[in-house]
Amino acid sequence: MAIQATGRATFTAVEDYSIVFLLNGIRCEALNFDSVRAADSTTFEADFFNGGASCVVDKAVVSCYDGGGNTLGSPIEVSDTSSAVADGGNLYLSKDCKTISCDIYVGNAKVCGKTIPVVRDGSSVGVKAVSYKVINNVSAGTSLNWDSVQSQTSYPTQKPDKGKYMYVMTIVLYTDGTSTNTVSTSYTPTDGINGTSIAIKSKSVSYAGSDSGTSAPTSGWQNTVPSLAQGKYLWSKTRVDYSDGNFTESYSVGRIGMDGSKGGTTHILYASSANPQSVNDVRASIDAAHQYYGTYQDTELNDDVNKYTSVKSWVLIKGEKGGKGDDGHTPVVSIGSNGNWYIDGKDTGTKAQGNAGHTPSVTIGADGYWYVDGVKTGQKAQGDTGAAAVQYSVKQLNSTVASVKASGTGTNATFTLSAYLDFQVNKNVGGTTTNPKITSIKATAGNETWSNSNVNSTEAVMTCSGNTSYTSEKRPPSTLQVEIACEGKTLYATVPVNTEPGVVIDINKNLTQLQTTVAKKADISTVTQKADEISMLIASQKVYRNLLKGTDFSYIPDNMSLNANGEVVEITDKVLYDSSRTVHIKTTNTGHYDGIYMRPITIQTKTAYVFSVWAKGSGKIALETIYQDDSGNRAGRPEVHGDADADLTPDWNLYTVYFTSGDTYTKLECNIWANYVADSEMWIAHPMLEASEKYSGWTLSPDDPTTEQLLAQTGIDIRKGVIDLRAGKVAYLGANGKPYITAELDDEGDAAPYILQ
């Protein structure tokens, strides 16, 4: 159901407003319930007019009433009347609906209202007669005496005077003998003051660093991009000042990447040339004198400039400035033996006029050539200006991933590397960025190489499937080195290699030598083993794909809210899902939005996403996604597929919606609520938004606090040799649903829980 005002006419005086209702583009004075419900799709539209021309108003409110004049549901307020979508079409076309009204406002004053009846055909109750009563030209707050007003059969055409109100009562008599009375109001404002056009006065961009990726900094803004530590957030603020003295500010944010863990840390160095000769030529941070970029890997955390020889290649980040043209100077002019003019000893190719007895006129033309006595020579007056600087950079697209996967178990386990690479090249010339064609792509990991020498596209895509099996003697690489050829240049990129959780990288062949002797239960805690007889390294890297924070409901993040509307919406430990807390929702009324609201979330344009949640209970569950514009206003919805509105069951089920983002908005609301069902009850768990074409299993968000951070909030520092539980209350949720810490083994060899108070 859409409410739409067409046209963009502007008026300095507000008068003569009217409303025309359209059903599927055809003007209607009544809405047929049966016809609309039987149609595949229906558009109910309210067009607004000032005089005979269509116009735009500041606000429109659509309301639905039953036979007693009571409001059904909540009125829908539309502030963007040029192309607004009003939700709840079924609300307005419910069986109890008798009339639909639309009121329009200019500023805060209601200037016009109109009501139409909802009828039914066939043997259903229909409209027998419609009449109207009018009270015109009264002030606000005037008492209305409808008994003294005569009814009329046609809708009134008069309008109130400026600054006055007109009230119209619509009386609908139905074939079953019942009737409804609704009152609409129109108002004619006094003339306003002619407005002036507003133009953009100036536009500026500033930058600041922050520890938060959700709250913009309040200080520290500067005109240049600052150098930030790893893990910090870089904010940019765009300010637009207008000619009326007002301004708007919009923000965007990105995060400085973190070093990887030991065994695969990627380091970045900057050199003064493509062939540094000593540590004096290398820096750990970029500056004006060190513009060559290079990487290397080891297990340390710091970028050690002494290891500059470990860098395989250096890439110039900023192109060299073009050469400067020769400065202009007064030329030496002479006549050669061939009769041509010579300038600075060079033959111009132009015959000298007259003889050497006069001083020639020598000028520089607009085309940059010497002119002698007004005749163009074949010689440039000065050198060409330098060409614009050219910069190349490699862009890794979202689908790029490299990982080591396991097959088999124990000492028979083998591990192979596979990857999917997706890259673009950004070429910046004089401030303009393009994506030139890539000719080839090559990837190297250890002694394995994959290549595609015939790309010929702006996007290089390649699948890498490894052949080498990794064992204790040959460990998998921590990075995949990528070379991309574009416009005769070779560009480089590094892709981290993820290791699947639980993969055992190094199993010592002497594992079978482990001998454990337990003489009796009292000795159950004693294991004798020589240190050189076993060596085991477990590598597990969890990839956190969830864009939503706090989805295990261990805390409520700053962009999540529980919307109750007087109903029950609570986080509970009484019903768990996979050891995580759940949100319990219990409703008693219809027409409420009861549930979880998460907004805004930053997304990428033109990208496939999955919005999912686990739930059980009774009634219906709704998964809602809404775009936000840069000003924080709602801006429509993505086209979604899947269980956007679905029935619940007593068992846990996964509900998902799939959509591909458009090319405009980068902010998204993700909401989960009980869908207008009275006496429903549900539990929801593990909501997730991920950039993918299919659901791939729930994870936490990379922005969620770690276990170490959560323990630190209670006063426990796990990096100390001793953890003092007296530092604060610690509640570890155990398998039996109660807080406990395993402190010792009892006489039966079982864990004896220590209950914290």
Side-chain angles (χ1 to χ4, degrees), residues 501-502 542-557 559-564 567-587 592-599 601 603 608-626 637-638 640-659 668-677 679-705 707 710 733-737:
K542 185 76 171 180
V543 179
Y544 297 99
R545 305 177 304 278
N546 198 345
L547 300 180
L548 308 178
K549 296 189 296 183
T551 56
D552 64 348
F553 303 125
S554 60
Y555 74 106
I556 299 180
N559 70 330
M560 178 189 293
S561 63
L562 305 181
N563 198 52
E567 307 283 5
V568 175
V569 180
E570 60 183 357
I571 294 177
T572 179
D573 289 325
K574 295 180 180 179
V575 176
L576 302 176
Y577 177 79
D578 195 20
S579 76
S580 291
R581 293 176 174 177
T582 61
V583 172
H584 176 218
I585 303 173
K586 187 175 183 179
T587 63
H592 287 174
Y593 293 83
D594 306 310
I596 304 175
Y597 288 72
M598 295 164 284
R599 52 191 180 224
I601 296 97
I603 62 172
Y609 285 93
V610 182
F611 181 30
S612 60
V613 67
W614 287 88
K616 72 173 184 176
S618 60
K620 286 181 173 291
I621 185 173
L623 279 70
E624 182 182 54
T625 53
I626 305 175
R637 308 169 186 276
V640 301
H641 308 279
D643 300 321
D645 184 356
D647 294 319
L648 292 167
T649 71
D651 299 319
W652 286 105
N653 291 295
L654 177 67
Y655 298 90
T656 57
V657 295
Y658 303 84
F659 65 94
L668 188 76
E669 295 182 25
C670 290
N671 308 319
I672 305 168
W673 42 279
N675 190 11
Y676 287 110
V677 179
D679 299 324
S680 67
E681 187 174 24
M682 69 176 69
W683 290 264
I684 63 178
H686 287 182
M688 182 172 183
L689 177 69
E690 60 179 321
S692 177
E693 294 182 352
K694 63 180 181 179
Y695 176 74
S696 59
W698 174 83
T699 71
L700 287 170
S701 167
D703 294 327
D704 281 327
T707 302
L710 292 174
L733 192 62
N736 61 355

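As the structure is a computational prediction, the values presented were derived from the model and not from experiment.
Every residue two or more places apart in sequence or in another chain that forms a side chain to side chain contact (heavy atoms under 4.5 Å, CB included) with Leu562 is listed here: Ile556, Val569, Ile571, Ile596. Applying the salt bridge (charged side-chain N to carboxylate O under 4.0 Å, His left out) criterion to Lys549, with sequence neighbours excluded, gives Asp558. For the ring pair (Phe, Tyr, Trp, His ring centres under 6.0 Å) test, residues two or more places apart in sequence or in another chain that qualify with Tyr577 are Trp614, Trp652, His686. With sequence neighbours excluded, no residue forms a salt bridge (charged side-chain N to carboxylate O under 4.0 Å, His left out) with Asp578. Listed by chain and number, the residues in a salt bridge (charged side-chain N to carboxylate O under 4.0 Å, His left out) with Glu669 are Arg599, Arg634 (sequence neighbours excluded).
Nearest heavy-atom pair across Ala615 and Leu648 is CB-CD2, 3.9 Å. When every heavy atom of Glu693 is checked against every heavy atom of Ala608, the shortest pair comes out as CG-CB, 3.7 Å. The shortest heavy-atom contact between Tyr555 and Asp704 is OH-OD1, 2.5 Å. Considering all non-hydrogen atoms of both residues, Pro687 and Leu548 come closest at C-CD1, 4.1 Å. Shortest non-hydrogen contact noted between Lys694 and Glu690 is O-OE2, 3.8 Å. Residues Ala674 and Ser680 share a closest heavy-atom pair of CB-OG, 4.2 Å.
The backbone N or O of Thr625 sits nowhere less than 3.5 Å from a side-chain atom of Asn671 that would complete a donor-acceptor pair. Looking at Asn559, its side chain never comes within 3.5 Å of a backbone N or O of Met598 through a donor-acceptor pair. With hydrogens and angles ignored, the 3.5 Å screen pairs a side-chain donor or acceptor of Asn546 with a backbone N or O of Thr699. At least one donor-acceptor pair closer than 3.5 Å links the side chain of Thr582 to the backbone N or O of Val575.
For the pair Asp643 and Asn653, the minimum side-chain heavy-atom distance is 4.5 Å or more. Trp683 places none of its side-chain heavy atoms less than 4.5 Å from the side chain of Lys574. Proximity of Pro638 to Leu668: side-chain heavy atoms (C-beta onward) are separated by under 4.5 Å at one or more points.
With values rounded to the nearest 0.5 angstrom, His641 atom NE2 is found 11.0 Å from Phe659 atom CZ. To the nearest 0.5 angstrom, Ile585 atom CD1 is 12.5 Å from Thr572 atom OG1. How far CD1 of Ile601 is from SG of Cys670: 4.0 Å, rounded to the nearest 0.5 Å. Going from atom OH of Tyr695 over to atom CG of Leu654 covers 5.5 Å, rounded to the nearest 0.5 Å. Summarising the geometry, atom CZ belonging to Phe553 is positioned 13.5 Å from atom NE2 belonging to His584; distances are rounded to the nearest 0.5 Å. The CE atom of Met682 lies 10.0 Å from the CH2 atom of Trp673; values are rounded to the nearest 0.5 Å.
With 3.5 Å as the limit, one finds a donor-acceptor pair spanning the side chains of Arg545 and Ser696. No donor-acceptor contact under 3.5 angstrom links the side chains of Asp703 and Tyr544, judged on distance only.
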Quiz item: Can Ile684 and Tyr655 be said to form a side-chain contact (heavy atoms from CB on, under 4.5 Å), step by step?
Solution: CA-CA 10 Å; Ile684 63 178; Tyr655 298 90; over 6 Å; no
Exercise. Go through the steps for Leu689 and Ile603 under the test side-chain contact (heavy atoms from CB on, under 4.5 Å), then give the verdict.
Key: CA-CA 10 Å; Leu689 177 69; Ile603 62 172; 4.2 Å; yes
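The salt bridge (Lys or Arg N to Asp or Glu O under 4.0 Å) contacts involving residues 645-654 comprise Lys620-Asp647, where partners must be two or more places apart or lie in separate chains.
Ion pairing of Glu570 with Lys586 is absent here, as no side-chain N (NZ or NE/NH1/NH2) approaches a carboxylate O to less than 4.0 Å.
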